[in-house]
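Here the structure is laid out as structure tokens; the discussion comes afterwards.
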Amino acid sequence: MSLLTLKNVSKIYGELKALDDVSIHVDRGEWIAIMGPSGSGKSTMMNIIGCMDKPTMGEVLMDGVDISKESSKKLTEIRRDKIGLIFQQFHMVNYLTAVENVMVSQYYHSMPEEAEALEALSRVGLRDRARHLPSQLSGGEQQRVCVARALINHPELILADEPTGNLDEANENIVLDLFSQLHEEGTTLIVVTHDTEVAKAAQRVIVLDHGRVAMETNNAHAGSAKASSFL
Amino acid sequence: MFLRMITASLLRRRSRMLVALLSIAIGATILSGLVTIYYDVPRQMGAQFRNYGANMILLPGDGATLTTDAAENALAVFARDQLIGAAPYRYVRLDMVLRQQSFMAAGTDFEQIQKTSPYFSVEGRYPENEREVLVGKDIADTIGVKLKSVMELTYRPTSAASLGAARDDTPTPGATLSGGAEGWNGGMVYVSVRLDGEGYIETVEVDASNQTNEIGGLCAQELFTSQFVGKKIPVTLGSDVDTIAGATMTSAAVVEAVNGASNIASVANKTSNFTVVGILDTGGDEESYVFISLEDMAALTGEAGGLDVMELSVSAAQDELEQYASAIQDLNSGVIPRLVKRVTRSETAVLSKLQALVFLVTAVVLLLTMICVSTTMMAVISERRKEIGLRKALGASDNGIRTEFLGEALLLGVLGGVLGAILGFAFAQLVSVNVFGSSITFQPLLLPVTILVSMAVTGVSCLLPIQRAVEIDPALVLKGE
């Protein structure tokens, strides 16, 4: 069943076509990797899917609703209710503890509940680091907090922008393993990456080049199976 | 969570927030300090102005004297804490026979004088005991008295009684009359007149020892006095009696004294020795007076006597003084209140100028504080662009961002306000002590007012920075490195 459909989407900045007539389709529960060189339109696509930007042309259907014409207020609501975001730079509120950072996401979504936030941290293996400030956590730990923050509101779609870009291999594996767990639970994952290893973990890889879909490949093996091999 | 976030933001970002807090607190400090001074200035300056002498005087109506009762009734009109001092004055002419001097003596209350005329500069001290005298510098220089000198002061009842007053009785034939009048340069001329059985002048004796010997002194000689013999009172100068050439004033004084002479001459002259304990230097008229206590004056003159004037020092603005004056007038006790206009007017003028100045400075400081807080918040927000972007990406609405930052700003405002109110009082106290030399009382109302103003100023100053925060595009700030 379709969660996200991009129909002939273009994003044009003056002369530059960041996205040029792109059409993709993501089913509920799918794990997709988006690859491509710098300037290929990955970030633009990520922003549009993440409801932080609107296309110049085309339709973006999220859960059957066209979000390409929505007001930014409405987009904020959709992002809050349906999407969990993970960034390359982690982006934590630096004066809040790990558990509080997770709770910020709850706060904007519904009601902050510390027990639930602690449970999310347990899930990423950081229950004992809950009271630490970001500056007291390693990069890998920070990214795991961000995963916890992204999944706390049970989003339908987790959108990750180079989630392992700043991590060493061990932490990369931990994060990928978390992704595969989420995938098994039925969460839809879209991961923007440079890293072919990360891309291999996904079920399907979409390669962008010059704002166009250059290639779309299905990984023969299931993403979960690949990721599980890291355990 | 909201509170947890903003308090965490304040507590865990201490150094940043301290800068913002400091700018607010400094603003609030100066504001509350200035406001305190603004409201305290009239009181402070009022007290200062009281150093420049009395601002109200009480006069007796119709040439009579001021009775103690009437004066006390008038004083009862004033609020206790506003009446700083009330100095009574009773003027009597006293002589220093040996030195051939005569001068005005003021009977007064030295304790009150020090309150109404704090600018009086006294070498030595004010009289405290019986028969001590404070001598004006002019007199001291003229007659050459110094501290601890003894002055023999004489009161001549006749002279005082008849001074300048036209007689309204017919001189009794056969009586001996005494009189006195002011001659050359304030010196008194005294006469003793003997009438025969028919009321004609038999002899006139003149005491012109206070006049210049070789000029006015001639009026005491027979050449002059013999002219009166066989005349009836009143005698006319020019027709009955010829003026001594060169001694016009003394001649006129003798005639005036003779015409005013009365038969209470039986009252003896009174003399007492006074010790000079202080020399008064004011640069004004007071230097040509001697000052003794009212009690000594009563003892010397043999009568309590009324007051000629009462000087009041009242800590009140001009309009309030005018209200007091009309209240005294309404008593109808024959007391005439007068404002010392040159004091009250300049007081009012200086006060309003000073208040306008403080007001202006306060307004400028308010503006500067707003700019300062606004700049600081702008810096805080640009430093937190990523965090704001993140919050928006996590689903914070524009109003959510506004609420958070306004909440933070208002919390800063409250803290800054509390700090400012306390420091402001200290600041005002410092200014007050250093500039006015007196302390101020804490206005409890100022605490909530300062906090509210501080919150309002911070809130308003943050509107623009917060709008900037709202406009942040999460996609841009979260992207890449």
Side-chain angles (χ1 to χ4, degrees), chain A residues 38 42-44 46-48 50-54 72-97 99-114 117 133-135 146 149-150 152-153 155 159 161-162 165-166 192, chain B residues 1-21 377 379-409 411-412 467-481:
Chain A
S38 296
K42 297 193 304 291
S43 292
T44 307
M46 160 108 185
N47 287 341
I48 289 172
C51 297
M52 293 191 279
D53 204 352
K54 285 188 240 184
S72 59
K73 192 176 171 210
K74 184 77 185 163
L75 287 179
T76 300
E77 279 171 29
I78 294 169
R79 184 166 66 236
R80 187 177 66 205
D81 294 340
K82 294 188 193 293
I83 303 172
L85 290 167
I86 296 168
F87 308 95
Q88 181 176 7
Q89 310 295 333
F90 324 138
H91 293 309
M92 291 174 75
V93 180
N94 56 14
Y95 54 84
L96 295 179
T97 60
V99 67
E100 283 167 346
N101 263 284
V102 177
M103 287 164 74
V104 168
S105 188
Q106 288 180 306
Y107 170 72
Y108 291 123
H109 181 264
S110 47
M111 283 287 288
E113 221 176 283
E114 194 160 359
L133 289 171
S135 55
C146 292
R149 182 176 68 193
I152 187 74
N153 295 322
L159 194 56
D161 184 6
E162 298 280 5
N166 281 341
V192 175
Chain B
M1 188 62 198
F2 175 67
L3 276 179
R4 193 165 163 179
M5 284 194 309
I6 62 175
T7 49
S9 165
L10 293 187
L11 291 178
R12 300 202 187 119
R13 302 173 59 246
R14 256 178 239 131
S15 60
R16 293 282 181 273
M17 280 307 166
L18 225 58
V19 175
L21 183 64
M377 285 308 279
V380 163
I381 279 165
S382 78
E383 197 183 78
R384 293 168 72 180
R385 287 174 65 81
K386 283 226 160 108
E387 181 198 330
I388 295 162
L390 173 71
R391 286 177 183 279
K392 291 183 85 166
L394 290 178
S397 63
D398 289 357
N399 280 333
I401 297 285
R402 280 195 191 99
T403 317
E404 274 166 47
F405 279 87
L406 205 60
E408 236 180 81
L411 194 61
L412 274 177
Q467 195 48 41
R468 285 285 164 79
V470 166
E471 284 162 9
I472 285 173
D473 181 355
L476 281 182
V477 297
L478 295 180
K479 204 170 120 185
E481 332 304 298

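The chains referred to below are lettered A, B, ... by the order of the sequence lines, with proteins before strands, and numbering in each begins at 1.
- Neither the backbone nor the side chain of Ile78(A) comes within contact range of chain B; no heavy atom of the residue lies under 4.5 Å from a heavy atom of that chain.
- In this structure, the portion of Leu85(A) lying under 4.5 Å from any heavy atom of chain B is its side chain and not its backbone.
- Counting heavy-atom pairs closer than 4.5 Å to chain B, the top residue among Glu100(A), Met103(A), Met111(A), Glu114(A) is Glu100(A).
- For Asp473(B), the part lying near chain A is the side chain, with the backbone staying farther off; criterion is any non-hydrogen pair under 4.5 Å.
- Partners of Arg391(B) according to the side-chain hydrogen bond (donor to acceptor under 3.5 Å, both in side chains) rule, which considers only residues two or more places apart in sequence or in another chain, are Tyr95(A), Tyr108(A), Glu387(B), Glu404(B).
- Atom CG of residue Asn101(A) and atom CE of residue Met5(B) lie 10.5 Å apart, to the nearest 0.5 angstrom.
- Listed by chain and residue number, nothing satisfies the ring pair (Phe, Tyr, Trp, His ring centres under 6.0 Å) test with Phe90(A) (two or more places apart in sequence, or in another chain).
- Here Lys82(A) contributes atom NZ and Leu159(A) contributes atom CG; the two are 14.5 Å apart, rounded to the nearest 0.5 Å.
- Remark: Ile48(A) CD1 to Lys54(A) NZ distance equals 11.5 Å, nearest 0.5 Å.
- By number of non-hydrogen pairs under 4.5 angstrom with chain B, the leading residue of Asn94(A), Val93(A), Asp53(A), Thr97(A) is Val93(A).
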